[in-house]
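Before any comments, here is the structure.
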Amino acid sequence: MTIVEFQGFKRKYTVVAPEDPGPNQLLFLHGSLQNGSVMRRFTNGTFDELAARTGTVVVYPDGVDRHFNDARGVLPVKARELGIDDVAFLQHVAATVQEEYGTQRTYACGYSNGGQMVIRLLFDAPGFLDGACIFASTMGSGANHAPSNPEGYKPTPILLMHGTADPLAPYEGGQAGLANSSRGEVTSALWTAQRFATMNGCSKAKVTRPFSDVSLHSWEGDNPVELWTMKGVGHVIPSGNGLDARLGPNTDSFIAAQVVEDFFGL
């Protein structure tokens, strides 16, 4: 684990570097009440395995007080209260990794609060990411989509995965978060994917069924968009492991890390 002093705060991140690093780095942003170490366990080590398998340098940054200051207007957490500049922090981490390991391309995956942070990066640091993956998170609705630079987006390949039985980030949109800690209104997973596809100038979606419990919407173009809709699945990242039942059901049809590897061409 690396500890750095950044903008007056002690920040942490963990680097999982393969023996022979290649040109790609992948930032993996955890969800609410997690950190990088928790995320490595939450995904059953499958993204650490991706690092070893593909030569990708995988980086797990920690949010302040276990949260990132994400793209939503409603975010009752310390990172928002303190005005944490996570966009600048993540750019700093990526630049440091690039200098140390010689990486040339930067991708990001984010789960839940981390997914919302990926959305913020896409708008507030346009062009920073060469590709983005958003797990169990969708754009805020109306004023609840509140990046600092809402017109700043540049076309970027985007992969989304979302379960239809997600109890915290509803697949069809609506109130996100827990009953005692709302994160405001959000759009649906399909609306979010369609919005990115439109901004990317993609063609009309094709719908396929790679697995019995998965519908795949694919928008083709120079910057493609994919939405993996997981029927009956909850607030999870498919990784072949058992998770807290309060997050909802999981699926063993596929491993998310392998889909990410294929989509980003790692």
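Closest non-hydrogen pair, E49 versus N44, comes out as OE2-O, 4.4 Å. Here the shortest heavy-atom pairing between L216 and P210 reads CB-CD, 3.8 Å. Closest heavy-atom contact between Y101 and P21: CD2-CG, 4.0 Å. Between N69 and G83 the shortest heavy-atom distance is ND2-C, 4.0 Å. In this structure, G152 and P126 approach most closely via the heavy-atom pair O-CB, 2.7 Å. Closest non-hydrogen pair, A136 versus A169, comes out as O-CB, 3.5 Å.
For the atom pair CD (Q98) and CD (Q104), the distance works out to 8.0 Å, reported to the nearest 0.5 Å. Rounding to the nearest 0.5 Å places NE2 of H162 at 9.0 Å from OG1 of T229. Between atom NZ of residue K154 and atom CG of residue N200 there is a gap of 13.5 Å, rounded to the nearest 0.5 Å. Here D48 contributes atom CG and T43 contributes atom OG1; the two are 7.0 Å apart, rounded to the nearest 0.5 Å. In this structure, Q194 CD and M139 CE are separated by 11.5 Å, a value rounded to the nearest 0.5 Å. The distance from the CD1 atom of I84 to the CG atom of D65 is 10.0 Å, given to the nearest 0.5 Å.
Contact check for V57 versus L26: no side-chain heavy atoms found under the 4.5 Å cut-off. A 4.5 Å side-chain heavy-atom check between P23 and T103 finds every atom pair outside the cut-off. For the pair L82 and V64, the minimum side-chain heavy-atom distance is below 4.5 Å. A 4.5 Å side-chain heavy-atom check between W219 and L227 finds at least one atom pair inside the cut-off. For the pair Q175 and E185, the minimum side-chain heavy-atom distance is below 4.5 Å. Residues K231 and S215 fail the side-chain proximity criterion, which asks for heavy atoms closer than 4.5 Å. With contacts defined as side-chain heavy-atom distances shorter than 4.5 Å, the pair V59/T14 does not qualify. Side-chain contact between R40 and F28 is absent, with no heavy atoms from C-beta onward closer than 4.5 Å.
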N/O donor-acceptor pairs under 3.5 Å from side chains in residues 1-11, not counting sequence neighbours:
unit_1	atom_1	unit_2	atom_2	d
R11	NH1	D86	OD1	3.1
R11	NH2	D62	O	3.0
R11	NH2	D86	OD1	2.8

What side-chain donor-acceptor pairs closer than 3.5 Å can you find for residues 236-246, not counting sequence neighbours?
unit_1	atom_1	unit_2	atom_2	d
S239	OG	I237	O	3.0
N241	ND2	F42	O	3.0
D244	OD1	R246	N	2.9
D244	OD1	R246	NE	3.1
D244	OD2	R246	NE	3.1
D244	OD2	R246	NH2	2.6

Side-chain donor/acceptor pairs under 3.5 Å, residues 252-261, sequence neighbours excluded:
unit_1	atom_1	unit_2	atom_2	d
S253	OG	D213	OD1	2.8
S253	OG	D213	OD2	3.3
S253	OG	T251	OG1	3.2
E261	OE1	R53	NE	2.8
E261	OE1	R53	NH2	2.7

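At least one donor-acceptor pair closer than 3.5 Å links the side chain of Y111 to the backbone N or O of H235. Not one N or O on the side chain of R72 forms a donor-acceptor pair closer than 3.5 Å with the backbone of L75. Looking at S112, its side chain never comes within 3.5 Å of a backbone N or O of G31 through a donor-acceptor pair. Not a single donor-acceptor pair under 3.5 Å links the side chain of T156 to the backbone N or O of D130. A distance-only check finds no donor-acceptor pair linking the side chain of S137 to the backbone of I134 [under 3.5 Å]. A donor-acceptor pair under 3.5 Å is absent between the side-chain atoms of N35 and the main chain of R66, judged by distance alone. Judged purely by atom type and a 3.5 angstrom limit, D166 uses its side chain to pair as donor or acceptor with the backbone of L168. Judged by distance alone, with hydrogens and angles left aside, the side-chain atoms of N24 form no donor-acceptor pair with the main-chain N or O of G55 at under 3.5 Å. In this structure, Q25 contributes its side chain and A94 its backbone to a donor-acceptor pair below 3.5 Å. A donor-acceptor pair under 3.5 Å is absent between the side-chain atoms of T56 and the main chain of V58, judged by distance alone.
Linking Ile, Leu, Val, Met, Phe, Trp and Tyr whenever their side-chain heavy atoms come within less than 4.5 Å leaves F264 and F128 in two separate clusters. L160 and L29 fall within the same hydrophobic cluster, defined by Ile, Leu, Val, Met, Phe, Trp and Tyr side-chain heavy atoms under 4.5 Å apart, directly or through other members. Residues F211 and L159 are members of one and the same hydrophobic cluster, defined by side-chain heavy-atom contacts under 4.5 angstrom among Ile, Leu, Val, Met, Phe, Trp and Tyr. W228 and L190 sit in two unconnected hydrophobic clusters of ILVMFWY residues. Membership requires side-chain heavy atoms under 4.5 Å apart, directly or through other members. Hydrophobic clustering of Ile, Leu, Val, Met, Phe, Trp and Tyr side chains at less than 4.5 Å, counting indirect connections, unites Y107 with F263.
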Original post:
Should T164 and M230 be marked as a side chain to side chain contact (heavy atoms under 4.5 Å, CB included) after you check the CA-CA gap, both sets of side-chain angles, and the distance that decides it?
Top reply: CA-CA 6 Å; T164 61; M230 302 174 290; over 6 Å; no
Original post:
Do T187 and S141 pass the side-chain hydrogen bond (donor to acceptor under 3.5 Å, both in side chains) test, and can you show the C-alpha distance, the side-chain angles, and the key distance before you say yes or no?
Top reply: CA-CA 5 Å; T187 59; S141 179; over 6 Å; no
**OP:** Report the C-alpha distance between L122 and I158 in whole Å, list the side-chain angles of each, state the deciding distance to 0.1 Å, and finish with yes or no for side chain to side chain contact (heavy atoms under 4.5 Å, CB included).
**Re:** CA-CA 10 Å; L122 289 166; I158 295 180; 3.8 Å; yes
Subject >> Check against side chain to side chain contact (heavy atoms under 4.5 Å, CB included), R183 and N144 >> reply: CA-CA 8 Å; R183 302 289 168 87; N144 200 35; 5.6 Å; no
**OP:** Applying ring pair (Phe, Tyr, Trp, His ring centres under 6.0 Å), run through F68 and F89 and close with a yes or a no.
**Re:** CA-CA 10 Å; F68 293 103; F89 171 64; 7.9 Å; no
**OP:** Decide side chain to side chain contact (heavy atoms under 4.5 Å, CB included) for L90 and Y13; before the verdict, give the C-alpha distance in whole Å, the side-chain angles of both, and the deciding distance to 0.1 Å.
**Re:** CA-CA 10 Å; L90 294 170; Y13 61 94; over 6 Å; no
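For the 3.5 Å distance criterion, the side chains of Y153 and D124 fail to qualify, holding no donor opposite an acceptor. Checked by atom type, the side-chain pair Y171/S188 shows no donor-acceptor distance below 3.5 Å.
Taking the six-membered ring where the residue is Trp, the centroids of F123 and H145 are separated by under 6.0 Å.
Taking the six-membered ring where the residue is Trp, F135 and F47 present perpendicular rings, their angle passing 60° and hence far from 30°.
The environment of E220 atom CD is sparse: at most 12 non-hydrogen atoms of other residues, nucleotides or ligands sit within 6.0 angstrom.
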